[in-house]
Each structure stands twice: as structure tokens, then as C-alpha cells.
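Please read the structure below before turning to the comments.
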Amino acid sequence: MSELPDRQAINAIISGHYADPFALLGMHQTDAGLEVRALLPDASEVWVIETSTGRQCAQLKCLDSRGFFSGVIPRRKTPFRYQLAVIWHGEQNLIDDAYRFGPLLAELDSWLLAEGTHLRPYETLGAHADVIDGVSGTRFSVWAPNAHRVSVVGEFNYWDGRRHPMRLRRESGIWELFVPAARPGQMYKFEIIDAWGQLRLKADPYAFEAQMRPETASMICGLPPKIAMTAERKAANAFDAPISIYEVHLGSWRRHTDNHFWLSYKELAEQLVPYVKEMGFTHIELMPINEHPFDGSWGYQPLGMYAPTRRFGTRDDFRAFITAAHDAGLNVLLDWVPGHFPSDEFGLAKFDGTELYEHGDPREGYHQDWNTLIYNFGRREVSNYLAGNALYWMERFGIDGLRVDAVASMIYRDYSRAEGEWIPNAFGGRENLEAVSFLRYTNRTLGQAAPGVITVAEESTDYPGVSRPAEMGGLGFWFKWNLGWMHDTLDYMKHDPVHRRYHHNLMTFGLLYNYSENFVLPLSHDEVVHGKRSILDRMPGDAWQKFANLRAYYGWMWAFPGKKLLFMGNEFAQGKEWNHDTSLDWHLLEGEDNWHNGVQRLVRDLNLTYRHHKAMHQLDFDSSGFEWLVVDDHDNSVFAFIRRDRDGNEIMVVSNFTPVPRHDYRFGINQPGCWREILNTDAAHYHGSGLGNGLLLSEPIASHQRPHSLSLTIPPLATLWLVREGE
């Protein structure tokens, strides 16, 4: 570059079309000495100050009234640390020049990011407060390989894209810049002149904190410190541990009664956490808390994958909420959405003018069910962005696991598409091989880098081995939602009891495939919206029968092999469908003790009893932990089975799904002796009829191919749990 840049270069840098700002701006060695060039719109006078001495070295001349300054420091050949004394509107400011700092991206980071194998891409990309060469500021980095120019704009530069154009690292497509004096708490975005010359203003994909809708800027926010996973939290996630999950939408669990506004993270820590602990649950599962523009998506259309929503407070407030849960002995799961994202202009869509994060062909890149865009998992940088995000929540927030949303929509190219609306894979099949590879890689990475955490797949098909290791052909998840069990059992329960004899197999079919996966039994938010009615309202009969049916069903669910999940409100039998815009109907529990209080007490006792007895959870995924005692009594709609632990201790479970009490009902048992009820869903304590049994002594009377049997009373629409006396 000559000592006096030509007019074409000056026009290009000012208009934002100069590809390499560091080649023009900053300090440069020339034959005449060190030349300093700066773009400082609206400045009237600029001096170069030697930092070490404070001496004025040279005044820069204004070569263009739009703010381009240049000057030569004669007889100086070796670059030195300098600052610029700038007069703006009559006031002098001493600033550090962003263009005197060298490249930021380390060679290894650049290699790993381009390869898509960077374990923690969020430690490099995004905005990071830093001190370089004694100067405090912020490192900005963003991937936009097809952009013509990228500038960082924000509160530190009047949102003026001319002031801080970034350096392009061509080997990786990453733009970078260190901006002196940019500090945590300030808002920023990336101003991009895209591949077609159009101006775009984008939020940072790696922003650690962001504004709440309708505002869309990112916030400079340092990485939080890592949180080590304790032995207790690891043990609580184990396959043989009791896992009972309370699924929560933070915006509608409870609201302020005076102004109908959300509870804050702090208030949720004070109210939600003690409630979940008191109710005996082991885990809280939060519906997506990533920043999202549309409340009605419930968080399932996220754009700030690395930023907890500001709806309920700051990022640090959210970390404090998780800490409160851990202090109460609860593990925290996040609902995670790596399958799709909304097309809002400030987000990922056509980020650099091209389909960078999404597929270009709508048959691959457009999700017609949700009007969203589908990630291009085959692009290494995209899969790395998402896999890194999974680890980020574990390491930096202490999250104990992820429930991965809509896995079926990711792994099948023809998901919810008619013939001709999808593109087969390279082998002509319907599987999305790139998504499968991404899921396997993410699960494997979490297992290695964050041992003890879990992932749970919401996968609605019979794809084999969802919760089996990748080396066995599986996807590598720890658990899978058993949506088949959920549909079958709810279908059974909706029938009038007089007709249930014709649908008996709906309650038993789940055992035929039960050990093919590590299952969670879910009664989630999806089952209480969109006209499906509440779980209580699906039960047949009058009010008494509805509640009795529900209690019997919960007793069955908590006894059946598999971990448990219950959506908020179901624990006290909310009568209405869930509405994300308002609080749960807590008033149902007020006043005189009623049926809703009874269901709430039952769920608490189910949780505590389930957790106390190893037979109810230790062998969930081992066929030796379950045995049918009565499986074919269609006429009476009675079922009986055994749950067993590793030591052979047994708990007997008996259900009667008719409103007719069964007196002197006899069936064969394995272990003779004295048996007693430890839970009866018909107990008066739960507002049942109060019918039950005292101590029961087995008899040497053959029944059901067993030499000993038990005769007992099975209450109407009830489930009993019995344990042998002394165990």
C-alpha cells in the first residue's frame, strides 16, 4: 500500500466493500516511515500517541471528509504500541486502535473449527472479554465464509458498520476483530454485506446472553466458570436409579397473582424447587429455555442456542436457579432443540446471504409442519455448533442431561412429507445419514467429555437402537421416551370400564418390546394441549370415577418398568388443558380438602415409595426385574405383576380397572409369607373409597401354575402395591 491510499481504496473501506481492512488500516511500514491510517467518522482531529511515553508522534491528515485519516511518523521503522487521541465534537478521547492487534484465531482452533471437531467452539467463536497487550476489550469472531464484509456494531461504536470491519480468516471462513474498550453488558450485532451485496444485521449465533423479544441484539457476556458434576448427581442419572421427572414450562407453572407476570429465576428457585423436592421428584425437566422470539412456540423455535431466555432474568440468575435445584438434591434436564430453527431475519437464516446453517433445497431445509428451517447436519461447522452447544450447557451451567426434541424429524428425510417432497440419501434411502452421524457424535462426545450426564430421545418411530451405543448400530442416547406405551395406555383408560375387556392387550403390549430400549414413560406437555384434553378429562365416568381412574393409572405407571415423567399440573389433576399464557390452576387445591389434594398426595407418595424400594427401579431394563402374575383376566380387567431387585426382593402390583370391587380374588405368587399394602390408590387419604386389605397370609393353594397363592380384596378402579412383611 502506498503512503497515500488511492481514492478507490478509501471509497471501498468507507462503503464497506474493502475485503481486508487490516491491509489498509492500522500501522504499516513504508519507505518514508511508519504510516498510520484510521477510519474515524465525524472526527475533526487525530494524533498518534506513543503508549509507553505518552508523546505525540504525528498528526493524521483527513484525506476524506467521511472520516479517513492518514499520516506518516518519519524516521520510525519498527512498529510500536500506540493510541489515537481523537477530537469528536470538541472533546478529546484517547482510544486504542483495533487495527494494531494481530490475528486472534489460533492455528489449532482454526483447524478444528474448519474440520468440525472442535470440542468447545464457544470458547473461540462469539464475543469474549479479553486483555490483549495490556488493553481491555472484547474478541469478536463469527463464521460467515461467503460474506463480502462483516463488521461488529454495538453500543461501543454507535452501531456504525464503518467503524469496525473485521478480518477474514480465509482458511476457515471466520471473521475476527478485537475491539478495545468493548465491555461486558454492552449490546452488539454483526453487520454483514452478504454474498449478493445485501446488508444484513445478524445476532451472534454464539451469544451467551441476548435481549428478550421484541429486541434482538446480543450481549457481551463472559463465559461462566465450569461446574463439576458431583458423584451424587451422576448416581441420580444411573440406569438403576429411581428417576422421576417433573416437566415444567417456566412461564406458566405459576404467575404473580397481582399482575399476571412471570416468576423470575430467583422466585422459581424459591418456589418451584422446594415444591418439586416436596413432591418427591428426582429431576426437573425444563421446556426449552434458549432465547426465542415467539412465546407461542414454548421455546421450541430457538434462535439463541447459547443464551438462556431473559424472560425470567439474567444468565447468572438462571445458573443460580440450577444451583438451588442441585442444593435441594434435584437433577436438572433441559429440553434441547437441534432439529430446526425459525426464519427470523436477525437469526441464522441465510446468515451470509447463502443457506449457511440450513439446506438450500426446501425438500431438505424447510420444515413444513412448523414453518421452520432444518439444520444442514452434513456441514461440519453446523454440526460442531450444535454438538458444542450440548456440552456448553453441561459444563458451564451444570445441566445434568438433555431431552432431545423431535428426533424422528431429524433422522428421516421423509418425515411428514408426501412422495416427491423429499430427497433420498446417497444410497436411495429415507434415513438422514448426516443427522444420524451428528446424534452419534454428540452423544459420544458428551459421554467422554461430561461423564455422568444423560440424553433422552423423544423419538416417535421404531428406529432400532435409539438408546444403544453407536458401535452397536444405535444412536447412543441413554434413554428413549416410550411413546407407544403412552398412547396404548391412554387409549385403554379412555374406554368405559365395561369395554376395557376388549382392549386388555393395550396394557400388556408394552412388555413385548420393553427391553429393546431404555425407556422413560412420559405423560408430557404434548398430551394436554391442542384439543387432547387434560389427563383427568380423558378418564371416563362421573367425577368420582374420573379421579379413581386417574389414581389407578398413576399407580400402574409408577409400577411399570421404566423411568417416569409427568408434566406440571398432572400431579394435582388439573381439569383444563395447559395454557402457556397463564398459571396452572393452583386454586383447585385451595379451600376444603378435595379430590385434587388427594391426587397430589398420591403422586408424592408414589414418588417416595418408588424411590425407597429398589425393586421398583433397579432392574427397569432387565427382564429379570419383572414377572406377570395375572396377565389374561380380560373379563375382570385385573392385572397383577411382580417387580424385583437384584437381591430377589419382590413388590407385588395389582390393578383393577373396573368400578367393581373384587373380593377374595386369588392368584398364584412366588414367595409365600405375609404380605401388606404399602400403597393403595383407593385409600381414603387420596379421597378413594377406603377399601383395602390388612395383613395377607399366603396359602399353599395352587393357582396360576404356582403352588402358593394369595387371596385379597381389590378395590374398584385401584392399584395396590404390596410388599412381603419384613422386607
Side-chain angles (χ1 to χ4, degrees), residues 122 125-127 140 142-147 150-155 159 161 175 187-221 249-251 287-312 315 334-362 364-377 379 381-382 385-386 389 405-406 409-410 580-581:
Y122 50 85
L125 293 167
F140 295 94
V142 64
W143 178 57
N146 304 302
V150 180
S151 292
V152 59
V153 297
E155 293 178 309
W159 299 92
W175 299 76
M187 301 298 175
Y188 71 98
K189 283 189 177 183
F190 294 112
E191 185 180 280
I192 297 174
I193 296 179
D194 72 14
W196 313 106
Q198 300 299 311
L199 191 69
R200 295 177 180 270
L201 198 58
K202 294 289 189 178
D204 183 359
Y206 282 88
F208 303 134
E209 197 155 7
Q211 289 181 305
M212 185 181 76
R213 55 95 181 113
E215 304 301 326
T216 58
S218 304
M219 180 189 295
I220 301 174
C221 180
H249 179 258
L250 292 180
M287 289 169 67
I289 52 80
N290 314 83
E291 196 57 79
H292 53 283
F294 176 46
D295 290 6
S297 77
W298 312 332
Y300 287 99
Q301 294 189 11
L303 275 179
M305 289 296 284
Y306 285 80
T309 179
R310 295 275 297 193
R311 285 167 174 79
F312 317 114
R315 187 271 309 273
L334 282 191
D335 206 332
W336 191 55
V337 189
H340 63 117
F341 60 93
S343 57
D344 298 65
E345 173 58 30
F346 73 91
L348 301 179
K350 292 193 175 181
F351 194 78
D352 61 2
T354 68
E355 289 82 5
L356 191 63
Y357 284 85
E358 68 272 32
H359 286 277
D361 192 317
E364 295 180 286
Y366 177 67
H367 212 306
Q368 50 200 16
D369 286 1
W370 301 313
N371 192 29
T372 53
L373 302 175
I374 301 171
Y375 287 105
N376 183 351
F377 302 107
R379 181 163 280 158
E381 296 90 345
V382 175
Y385 165 72
L386 294 168
N389 183 252
D405 178 62
S409 75
M410 298 170 64
H580 73 274
D581 278 330

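At a threshold of 4.5 Å between non-hydrogen side-chain atoms, the residues L356 and R379 count as touching. Contact check for E358 versus F351: no side-chain heavy atoms found under the 4.5 Å cut-off. Under the 4.5 Å side-chain criterion, counting only non-hydrogen atoms from C-beta, L125 is not in contact with P205. Looking at heavy atoms from C-beta onward, H340 lies in side-chain contact with D405 at the 4.5 angstrom threshold. Contact of the Y357 side chain with the L373 side chain is not registered, since no non-hydrogen atoms from C-beta on lie closer than 4.5 Å. Looking at V382 and W143, their side chains come closer than 4.5 Å, going by heavy atoms from C-beta outward.
The main-chain N or O of R310 is found under 3.5 Å from a side-chain atom of E291 such that the two form a donor-acceptor pair. Side-chain atoms of T216 never come within 3.5 Å of backbone atoms of F346 as a donor-acceptor pair (strictly under, hydrogens ignored). Formation of a donor-acceptor pair under 3.5 Å by the N146 side chain with backbone atoms of A195 is not found in this model. At distances below 3.5 Å, not a single donor-acceptor pair connects side-chain atoms of H292 with backbone N or O atoms of T309. With hydrogens and angles ignored, the 3.5 Å screen pairs a side-chain donor or acceptor of N389 with a backbone N or O of M305. Distance alone, capped at 3.5 Å, places no donor-acceptor pair between the Q301 side chain and the N371 backbone. Using a distance-only test at 3.5 Å, with no hydrogens or angles considered, no donor-acceptor pair links the side chain of E191 to the main chain of S151. Counting only distance, with no hydrogens or angles, the side chain of W298 and the backbone of H249 share no donor-acceptor pair below 3.5 Å.
Taking the six-membered ring where the residue is Trp, F341 and Y375 present tilted rings, their angle falling between 30° and 60°.
Interatomic distance, Y122 OH to Y385 OH, rounded to the nearest 0.5 Å: 13.5 Å. Taking OH of Y188 as the start and CD1 of I220 as the end, the distance is 7.0 Å to the nearest 0.5 Å. Rounded to the nearest 0.5 Å, atoms CD (E364) and CG (N376) are 7.5 Å apart. Note that CD1 of I192 is 7.0 Å distant from NZ of K202, once rounded to the nearest 0.5 Å. Atoms CE and CD1, from M410 and I374 in turn, are 10.0 Å apart once rounded to the nearest 0.5 Å. To the nearest 0.5 Å, the span separating CE on M287 from CG on L334 amounts to 12.5 Å.
Neither side chain, Y306 nor N290, offers a donor N or O lying under 3.5 Å from an acceptor on the other.
What you find for F377 and G339 is that their closest heavy atoms are CZ-CA, 4.2 Å. Contact record, V150 with A144: CG2-CB, 4.2 Å, taken as the closest heavy-atom pair. When all heavy atoms of E355 and G360 are compared, the pair lying nearest together is CG-CA, 3.5 Å. In plain terms, the two heavy atoms of W175 and A147 that are nearest each other are CZ2-O, 3.4 Å. In terms of heavy atoms, P342 sits closest to L303 at CG-CG, 3.5 Å. Heavy-atom minimum distance, Y206 versus G126: CB-CA, 3.8 Å.
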Q: Check the pair D335, Y300 against side-chain contact (heavy atoms from CB on, under 4.5 Å), reporting the backbone distance first and the verdict last.
A: CA-CA 9 Å; D335 206 332; Y300 287 99; 2.4 Å; yes

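For NZ of K350, the number of neighbouring non-hydrogen atoms (other residues, nucleotides, ligands) closer than 6.0 Å is 12 at most.
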